[in-house]
Amino acid sequence: MPEFVIRQIPTRQDNYVYLAHDPSTGDTAVIDPSDADPVRKVLAETGWKLTHILNTHHHNDHIGGDAELKAEWKAIIVGPRADRDRIPGIDIEVGDNDTYTVGTQTAQVFDVPGHTRGHIAFWFPTSRALFCGDTIFMLGCGRLFEGTPEQMWTSIGKLRVLPKETRVFCAHEYTQANARFAITVDPENGALTDRKLRIDAMRAEGKSTVPATLGEELATNPFLRADQPSVQQAAGVPGDAVATFAEIRRRKDHF
Ligand code: ZN
Ligand code: FE
């Protein structure tokens, strides 16, 4: 079965932009281009022709390169229906229960409000790839700028049930700071302490820690584990996943 070849492009301070290239048709999507220039460079180097721009949400560090790339390549901009007015140049609006196809690869789209009210995620099952923007980070989750903890927990719930081998392509390298926080709310989790050591070693060598699999996140990311007794205990609200999620998100905001 064909699948995407995925290139990770580091931009700005800590953003990751992705190119997803279908070798069988030549179609190439960029996901959340913060800036046009770094994308242009990789397109020149690979010879890939940009056909699609996928946006998870309207923040500038995810759409900043849209206009230039669209003008240069006549690429189609696909973004959240709920944020149509905040994504200049949007061509195709998608949301829950929609699919969208790039080359031979079809994404299932999820509405995942919380970080912003219009945030979406694209899941390409055949490529085992989830592009979730600022919803789930490695060992963390997005800040709640426009949503409630309950909404974000529900959004994470939609992604948490995908196959464990799914690779989570998030939009920022926040992993090391997230790991420092995670051990404060899940201190007895051996898989987490092991992972933190690996992350520290990778960052010391300047390596990317993204993506990780959903299975790894389920085992170690406290924001996916608010239903676990150990995390609920640490948060001080046993038996209540939403309150636990809200409490650890609040603590992380002040960490
Ligand atoms: Zn954002
Ligand atoms: Fe962002």
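For ligands, and for the atoms within them, numbers begin at 1 and follow the listed sequence.
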#### Entry: Under 3.5 Å: donor-acceptor pair, side chain of Ser34, backbone of His62
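A pair under 3.5 Å: no.
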
### Message
Under 2.8 Å from the Fe ion (ligand 2), is there any N, O or S atom belonging to His57?
### Response
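Given the 2.8 Å cut-off, His57 does not count as a ligand of the Fe ion (ligand 2).
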
### Query
Any N/O/S atom of His172 sitting less than 2.8 Å from the Fe ion (ligand 2), backbone or side chain?
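Looking at His172, which is the residue asked about, there is an N, O or S atom under 2.8 Å from the Fe ion (ligand 2).
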
### Query
With the Zn ion (ligand 1) at the apex, how many degrees lie between ND1 of His59 and NE2 of His57, rounded to 10 degrees?
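About 90° at the Zn ion (ligand 1).
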
### Angle subtended at the Zn ion (ligand 1) by NE2 of His115 and OD2 of Asp134, nearest 10°
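Seen from the Zn ion (ligand 1), NE2 and OD2 are separated by roughly 90°.
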
### Message
Go through it in stages, so that I can follow the logic: the residues are Arg143 and Asp134, the test is salt bridge (Lys or Arg N to Asp or Glu O under 4.0 Å), and I'd like the CA-CA distance, side-chain angles, deciding distance and then a yes or no.
### Response
CA-CA 8 Å; Arg143 277 176 184 266; Asp134 291 355; over 6 Å; no

### Task
Could you check which N/O/S atom of Asp134 is closest to the Fe ion (ligand 2)?
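Per the distance ranking, Asp134 contributes OD2 as its closest N/O/S atom to the Fe ion (ligand 2).
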
### Query
Looking at the Fe ion (ligand 2), which N/O/S atom of Asp61 is the nearest one?
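The Fe ion (ligand 2) is closest to the Asp61 atom OD2, counting only N, O or S.
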
### Task
Quick one: sort the His57 and His59 rings into parallel, tilted or perpendicular, breaks at 30° and 60°.
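If you compare the ring of His57 with that of His59, the planes turn out perpendicular.
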
### Task
For salt bridge (Lys or Arg N to Asp or Glu O under 4.0 Å), just list the numbers for Arg84 and Glu93, CA-CA rounded to whole Å, side-chain angles, deciding distance to a tenth of an Å, and then say yes or no.
CA-CA 7 Å; Arg84 56 196 287 181; Glu93 300 160 16; 3.5 Å; yes

### Query
Does a salt bridge link Lys164 with Glu216, judged by any charged N lying under 4.0 Å from a carboxylate O?
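No, no charged N to carboxylate O under 4.0 Å.
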
